[in-house]
Amino acid sequence: MPGSAGCGQRGPGGHHTPTVPELQRLLWVRGGVSGHVDQVWPKVYLGDAWAAKDKRALQSLGITHILNAAHGKHNVCTGPSYYSDTKVTYHGVEAFDSPAFDMSPFFYSAAQFIKAAVSTPGGKVFVHCAMGLSRSATLVLAFLMLHEDMSLVEAIKAVSEHRNVSPNSGFLSQLRELDMRLASERGPRTGRF
């Protein structure tokens, strides 16, 4: 993988995009915990398949939107019909937790779904996959980068304060590419890592 070893890359204004091993080390030293569902950002919850199937618990949290990053019959088989007795708005991404899987085509649509959910009055979004560690975390990190103007490192730190996450090496590489592209588009930023 290009840029997966060495000292990272510097972009405009000295923006540093860490290498995949540096990002993995950052994830390993974080102090978050992981329950079945954890709030990782205002109105944004991250969790696992167990929580996704507990409609009563999701209703008690006030969840209005669900983004399933493991949609499909070979993954976490919920879907709109599973939530038909609720008022939940559902969006599914049929992704596989494999370093070879390209998650990047889903970054913008998933981020837009999360943004729409948190922009809805009273809206709260639950983003999940099987374990709530890799696929769903990757999409939440992309949302924070795209809509909250965060660097990848800032997004990892924000989420990791509330939940242990571990996107696979392929997803981290794809997030690095997004980070470098966004840094290039945004231009110089002062006081940022």
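Only heavy atoms go into these numbers, but all of them, side chains included; no hydrogens, no water, no symmetry mates. Remember, it's a predicted structure, so these values are computed and weren't measured experimentally.
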**Q** Step by step, would you call Thr64 with Thr120 a side-chain contact (heavy atoms from CB on, under 4.5 Å)?
**A** CA-CA 9 Å; Thr64 58; Thr120 300; 5.6 Å; no
**Q** What's the spacing between Arg186 CZ and Arg181 CZ if we round to 0.5 Å?
**A** 10.5 Å
**Q** Is there a side-chain contact between Asp97 and Phe171 in this structure, where contact means two heavy atoms from C-beta onward sitting under 4.5 Å apart?
**A** yes
**Q** Are Thr78 and Tyr90 packed together at the side-chain level, in the sense that at least one heavy-atom pair is separated by less than 4.5 angstrom?
**A** yes
**Q** Between Ile66 and Thr89, is any pair of side-chain heavy atoms under 4.5 Å apart?
**A** no
**Q** Looking at Tyr45, is its backbone amide N or carbonyl O close enough to the side chain of Gln39 to form a donor-acceptor pair, meaning the two atoms are under 3.5 Å apart?
**A** no
**Q** Would you name the heavy atoms of Val165 and Gly132 that are closest together and state the gap between them?
**A** CG1-O, 4.3 Å
**Q** Spell out, as yes or no, whether a donor-acceptor pair under 3.5 Å connects the side chain of Glu185 to the backbone of Leu182.
**A** no
**Q** Heavy atoms only: give me the nearest Leu46-Ser136 pair and the separation to one decimal.
**A** CD1-OG, 3.2 Å
**Q** Tell me, do Asp85 and Lys55 make a side-chain contact under 4.5 Å, heavy atoms counted?
**A** yes
**Q** Parallel, tilted or perpendicular, judged at 30° and 60°: which one describes the rings of His91 and Phe113?
**A** parallel
**Q** Going by salt bridge (charged side-chain N to carboxylate O under 4.0 Å, His left out), name the residues that satisfy it together with Lys124, two or more places apart in sequence or in a different chain.
**A** none
**Q** Is the backbone of Ser104 close enough, under 3.5 Å, to the side chain of Gln174 for a donor and an acceptor to pair up by distance?
**A** yes
**Q** Does Val40 offer a backbone N or O that forms a donor-acceptor pair with the side chain of Asp38 under 3.5 Å?
**A** no
**Q** Between Asp54 and Leu58, is any pair of side-chain heavy atoms under 4.5 Å apart?
**A** no
**Q** Checking Ser173 side chain against Ser169 main chain: does a donor-acceptor pair fall under 3.5 Å?
**A** no
**Q** Write down the atom of Thr86, the atom of Tyr83, and the distance for their closest heavy-atom approach.
**A** OG1-O, 2.7 Å
**Q** Test of understanding: clusters of I, L, V, M, F, W, Y form through side-chain heavy atoms closer than 4.5 Å, transitively. Do Leu144 and Leu139 belong to the same one?
**A** yes
**Q** When clusters are formed from ILVMFWY side-chain contacts under 4.5 Å, directly or step by step, what else is grouped with Met131?
**A** Leu133
**Q** Which heavy atom in Asn168 sits nearest to a heavy atom in Pro99, and how many Å separate them?
**A** OD1-CA, 3.4 Å
**Q** Test your reading of the model: is there a side-chain donor-acceptor pair from Asn68 to the backbone of Val76, 3.5 Å cut-off?
**A** yes
**Q** Which pair of heavy atoms, one from Leu23 and one from Arg176, lies closest together, and at what distance?
**A** CD1-CG, 3.5 Å
**Q** Do Ile63 and Trp41 share a hydrophobic cluster, counting only Ile, Leu, Val, Met, Phe, Trp and Tyr and linking them when any side-chain heavy atoms are less than 4.5 Å apart?
**A** no
**Q** Can you hop from Leu152 to Leu26 via hydrophobic side chains spaced under 4.5 Å?
**A** yes
**Q** I'd like to know if the side chain of Ser160 reaches the main chain of Lys157, judged simply by a donor and an acceptor atom lying under 3.5 Å from each other, with no hydrogens or angles considered.
**A** no
**Q** What are the two closest non-hydrogen atoms of His147 and Lys115, and how far apart are they?
**A** ND1-CG, 3.9 Å
**Q** Please check if the side chain of Glu148 supplies one atom and the backbone of Met145 the other of a donor-acceptor pair under 3.5 Å.
**A** no
**Q** Are any non-hydrogen side-chain atoms of Asp149 and Glu154 less than 4.5 angstrom apart?
**A** no
**Q** Measuring from atom CG of Leu141 to atom CZ of Phe107, what distance do you get when rounded to the nearest 0.5 angstrom?
**A** 9.0 Å
**Q** So Phe126 and Val37, do their side chains get closer than 4.5 Å, heavy atoms only?
**A** yes
**Q** Look at the side chain of Ser84 and the backbone N and O of Pro80, then say whether any donor-acceptor pair between them is shorter than 3.5 Å.
**A** no
**Q** Is Val88 linked to Val140 within one hydrophobic cluster, defined over Ile, Leu, Val, Met, Phe, Trp and Tyr using a side-chain heavy-atom separation of less than 4.5 Å?
**A** no
**Q** Can you tell if the side chain of Gln112 reaches within under 4.5 Å of the side chain of Phe143, non-hydrogen atoms only?
**A** no
**Q** Does Arg135 reach the main-chain N or O of Ala95 with its side chain, forming a donor-acceptor pair under 3.5 Å?
**A** yes
**Q** So, taking the atom named CD in Glu161 and the one named CD1 in Ile156, what distance separates them when rounded to the nearest 0.5 Å?
**A** 12.5 Å
